[in-house]
Amino acid sequence: MTAALHLAEQGVCSTQPNPRVGCVIVKNNQIIGKGAHLKAGEPHAEVFALREAGANAKDADVYVTLEPCSHHGRTPPCVDGLIAAGVKRVVVAMQDPNPLVAGNGIKRLQAHGIVVEMGLMESQSMALNPGFISRMTLGMPYVRSKIAASLDGKTALKNGKSLWITGEPARLDVQHWRAQSCAIITGIGTVLADNPSMTVRLPNNIRQPLRVIVDSRLQTPADCKMLDITMLQASPVLIAYASDVNNRVASLTAAGAELLHFPDAKNRVDLTALLKNLAQRGVNEVLLEAGQGLNGAFLQAHLIDEFILYYAPKLMGADAKSMFVISELTDMSQATDLQIFDVRQVGADIRVRAKPIRDC
């Protein structure tokens, strides 16, 4: 199963909207077939493993990181291939949360006399597909908030300047998080201050994520980098807004953006509605790269599933901008408690990954 999980990791940047899945076929204590799902519309992991195993797959054991599919999508059901090959046993790390499968694949295998064992390295398999699981069970993508800050938690100088807080190795590390995300969300403040492109800048990158601007009053310049024709050819841009007092919908649409009208009761962008819309588009994982305002809005709405915090060995002082603008807290019980699950050095900087601790 460890080998199958390593195979599944090959699709971390390319399988969207599908899950990352790996499969290994074993007979007489020897691996005779292995495969990974690498791209939506292409064969699933089990298909590649069965092709490699050939006729030897009869009476073999199959280790797969996700329950084999039992429905017709872009490709035929994997359970049919396993049944036809005559495998003896299928060891599954986790059940497929997709309602179209959700145990049906296991039942079909068992109905044909194939032994099915569940739960081996389940947590590791779930960690590979947090966005797919969230989308299938909650109708929401998995949101990571990436923030670069000084050791005293500041993200920009008072005048807005922030280039560069962290070093080049940390900035390269961020590119990998972008590459595995289905969408990148930023705010109008970041667009106006930094004019970013928000694209993946890695050699041999095969996919650019969807780019989203949260812009309540539609202030996005039509000539910003994100709407440059070469950037739009790389990936589309959505602009979520609440009001259009300056009648800019037409000009921004003409510039190539897709406009989404999601006002909330305070005439700001309804972030929950935006995330649900992204989930409906097949977005599994979102990387939030924004300033203190939008970060604070996501935090207060409890919409952040994971924080990726890069701390640079710098001190920027009390007047510099903070990570989050939120309502004043009056008691420590109101603070957001985090569980830190990974800490490592990236160049001269420290990367901390943490999840909010939520009541069940």
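The first residue in the sequence is number 1, and the count goes up from there.
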Asker: Within the structure provided, determine whether Q180 and L287 are in side-chain contact (heavy-atom separation under 4.5 Å).
Answerer: no
Asker: What closest approach, in Å, do A8 and G22 show between heavy atoms, and which atom pair accounts for it?
Answerer: CB-N, 3.4 Å
Asker: Do side-chain atoms of K314 reach the backbone of I165 as a donor and acceptor pair under 3.5 angstrom?
Answerer: yes
Asker: What is the distance from atom CG of L260 to atom CD1 of I239, rounded to the nearest 0.5 Å?
Answerer: 9.0 Å
Asker: Rounded to the nearest 0.5 Å, how far apart are SG of C78 and NE2 of H44?
Answerer: 5.5 Å
Asker: Can you confirm whether R178 sits close enough to I184 that some side-chain heavy atom of one is under 4.5 Å from a side-chain heavy atom of the other?
Answerer: yes
Asker: In this structure, are over 12 heavy atoms from other groups packed under 6.0 Å from H302 atom NE2?
Answerer: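 Atom NE2 in H302 is not packed in, count stays at 12 or less.
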Asker: Linking I/L/V/M/F/W/Y whenever their side-chain heavy atoms sit closer than 4.5 Å, directly or via other members, would L303 and V212 fall into one cluster?
Answerer: yes
Asker: Please find the pair of heavy atoms, one from A183 and one from V283, that lie closest to each other, and give the distance.
Answerer: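 The pair with the smallest heavy-atom distance is CB-CG1, 4.0 Å.
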Asker: Stepwise, does the side-chain hydrogen bond (donor to acceptor under 3.5 Å, both in side chains) test hold for Q208 with T199?
Answerer: CA-CA 6 Å; Q208 289 288 346; T199 54; 4.7 Å; no
Asker: Could you tell me whether the side chain of R351 reaches within less than 4.5 Å of the side chain of R344, counting heavy atoms only?
Answerer: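 Of all side-chain heavy-atom pairs linking R351 with R344, at least one is under 4.5 Å.
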Asker: Suppose clustering is done on Ile, Leu, Val, Met, Phe, Trp and Tyr with side-chain heavy atoms closer than 4.5 Å. Which residues sit in the same group as F132?
Answerer: M136
Asker: Residues two or more places apart in sequence or in another chain: which of them pass side chain to side chain contact (heavy atoms under 4.5 Å, CB included) with S145?
Answerer: I147, L288, N295, I304, F307
Asker: Any pair with a residue in residues 92-110 that passes side chain to side chain donor-acceptor pair (under 3.5 Å), sequence neighbours left out, goes on the list, sorted by first then second residue, please.
Answerer: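 Every side chain to side chain donor-acceptor pair (under 3.5 Å) pair that includes a residue of residues 92-110, provided the two are not neighbours, is D80-R108.
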Asker: Which residue pairs pass the salt bridge (Lys or Arg N to Asp or Glu O under 4.0 Å) test with at least one member in residues 11-33, sequence neighbours excluded?
Answerer: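 Qualifying pairs, neighbours excluded: R20-E285.
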Asker: Let me check something: any side-chain donor-acceptor pairs from residues 117-128 under 3.5 Å, sequence neighbours excluded? List them with distances.
Answerer:
| residue | atom | partner | partner atom | Å |
| --- | --- | --- | --- | --- |
| E117 | OE1 | R89 | NH1 | 3.1 |
| E117 | OE2 | R89 | NH1 | 3.2 |
| S125 | OG | T65 | O | 2.6 |

Asker: Examine distances only and state if a side-chain atom of D152 and a backbone atom of M316 form a donor-acceptor pair shorter than 3.5 Å.
Answerer: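 Indeed, once roles are kept as given, a pair shorter than 3.5 Å links the two residues.
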Asker: Provide the full list of side chain to side chain donor-acceptor pair (under 3.5 Å) pairs with a residue in residues 266-280, sequence neighbours left out, each pair given once.
Answerer: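 Every side chain to side chain donor-acceptor pair (under 3.5 Å) pair that includes a residue of residues 266-280, provided the two are not neighbours, is N277-R281.
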Asker: Please report the closest heavy-atom contact between L38 and Q10, naming both atoms and the distance.
Answerer: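 Minimum heavy-atom contact is CD2-CB, 3.8 Å.
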Asker: Is any side-chain heavy atom of V90 closer than 4.5 Å to a side-chain heavy atom of V115?
Answerer: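 A side-chain contact is absent here, since even the closest heavy-atom pair is not under 4.5 Å.
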Asker: Could you work out, with side chain to side chain contact (heavy atoms under 4.5 Å, CB included) as the rule, every residue matching Q334, not counting sequence neighbours?
Answerer: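 Scan of Q334 (side chain to side chain contact (heavy atoms under 4.5 Å, CB included), adjacent residues dropped) gives L329, T330, D331.
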Asker: Flag the pair D305 and R358 as a salt bridge only when some basic side-chain nitrogen lies within less than 4.0 angstrom of an acidic carboxylate oxygen.
Answerer: yes
Asker: Do L294 and L299 share a hydrophobic cluster, counting only Ile, Leu, Val, Met, Phe, Trp and Tyr and linking them when any side-chain heavy atoms are less than 4.5 Å apart?
Answerer: yes
Asker: Heavy-atom count around E9 CD within 6.0 Å, excluding the residue itself: above 12?
Answerer: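 Enclosed: over 12 neighbouring heavy atoms sit under 6.0 Å from CD of E9.
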Asker: Spell out, yes or no, whether I188 and V286 are grouped together once hydrophobic residues are joined by side-chain heavy atoms under 4.5 Å, including indirect joins.
Answerer: no
Asker: Distance-only, no hydrogens or angles: does the E67 side chain make a donor-acceptor pair with backbone N or O of G105 under 3.5 Å?
Answerer: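 Indeed, once roles are kept as given, a pair shorter than 3.5 Å links the two residues.
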Asker: If you measure from CG on L151 to CD1 on I350, what distance do you get to the nearest 0.5 Å?
Answerer: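 Spacing of CG (L151) from CD1 (I350) equals 8.5 Å.
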Asker: Who passes ring pair (Phe, Tyr, Trp, His ring centres under 6.0 Å) against Y241, sequence neighbours left out?
Answerer: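 Y241 satisfies ring pair (Phe, Tyr, Trp, His ring centres under 6.0 Å) with H261 once adjacent residues are dropped.
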Asker: So which pairs with a foot in residues 181-192 pass side chain to side chain donor-acceptor pair (under 3.5 Å), sequence neighbours left out?
Answerer: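 Matches after skipping sequence neighbours: none remain.
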Asker: When rounded to the nearest 0.5 angstrom, what is the spacing between CG in N28 and CG in D61?
Answerer: 9.5 Å
Asker: What is the minimum heavy-atom distance between M140 and S134, and which atoms define it?
Answerer: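 Where M140 meets S134 most closely, the heavy atoms are O-OG, 2.6 Å.
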Asker: Are I25 and V87 packed together at the side-chain level, in the sense that at least one heavy-atom pair is separated by less than 4.5 angstrom?
Answerer: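 No, side chains not in contact.
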Asker: Can you find a pair of side-chain heavy atoms, one from M323 and one from K154, that are under 4.5 Å apart?
Answerer: no
Asker: Linking I/L/V/M/F/W/Y whenever their side-chain heavy atoms sit closer than 4.5 Å, directly or via other members, would V200 and I185 fall into one cluster?
Answerer: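 Not linked; separate clusters.
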Asker: Check the pair V174, E289 against side chain to side chain contact (heavy atoms under 4.5 Å, CB included), reporting the backbone distance first and the verdict last.
Answerer: CA-CA 10 Å; V174 171; E289 293 196 56; 4.0 Å; yes
Asker: For residues F48 and G35, report the shortest heavy-atom separation together with the two atoms involved.
Answerer: CB-CA, 3.8 Å
Asker: V47, V62: one ILVMFWY side-chain cluster at the under-4.5 Å cut-off?
Answerer: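 Unlinked, V47 and V62 end up in two clusters.
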Asker: Measuring only between side-chain heavy atoms, which start at C-beta, is V64 closer than 4.5 Å to V91?
Answerer: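 Result no, sub-4.5 Å side-chain heavy-atom pair not found.
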Asker: Using the side chain to side chain contact (heavy atoms under 4.5 Å, CB included) definition, which of the options N246, N247, T253 pairs with V249?
Answerer: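 With V249 as partner, side chain to side chain contact (heavy atoms under 4.5 Å, CB included) holds for just one option, T253.
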Asker: For A170 and T166, work out which heavy atoms get closest and say how close.
Answerer: CB-CB, 3.9 Å
Asker: Taking only residues two or more places apart in sequence, or in another chain, which ones meet E306 in a side chain to side chain donor-acceptor pair (under 3.5 Å)?
Answerer: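 In terms of side chain to side chain donor-acceptor pair (under 3.5 Å), with neighbours along the sequence ignored, E306 is linked to Y142, R144, R353.
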Asker: Should V237 and L227 count as side-chain neighbours, where that means a heavy-atom distance under 4.5 Å?
Answerer: yes
Asker: Show your reasoning for whether side chain to side chain contact (heavy atoms under 4.5 Å, CB included) applies to L66 and N129.
Answerer: CA-CA 10 Å; L66 185 72; N129 290 294; 5.6 Å; no
Asker: Among pairs that include at least one residue of residues 219-236, which meet side chain to side chain donor-acceptor pair (under 3.5 Å), considering only residues two or more places apart or in two chains?
Answerer: R211-S235, D215-T220, D228-T230
Asker: Around atom NZ of K146, are there more than 12 heavy atoms of other residues, nucleotides or ligands at under 6.0 Å?
Answerer: yes
Asker: Please identify each residue that fulfils salt bridge (Lys or Arg N to Asp or Glu O under 4.0 Å) with D194, with sequence neighbours left out.
Answerer: none
Asker: Return the CD to SG distance between Q16 and C182, rounded to the nearest 0.5 Å.
Answerer: 4.0 Å
Asker: Would you compute the distance between atom CG of N18 and atom SG of C69 and round it to the nearest 0.5 angstrom?
Answerer: 9.0 Å
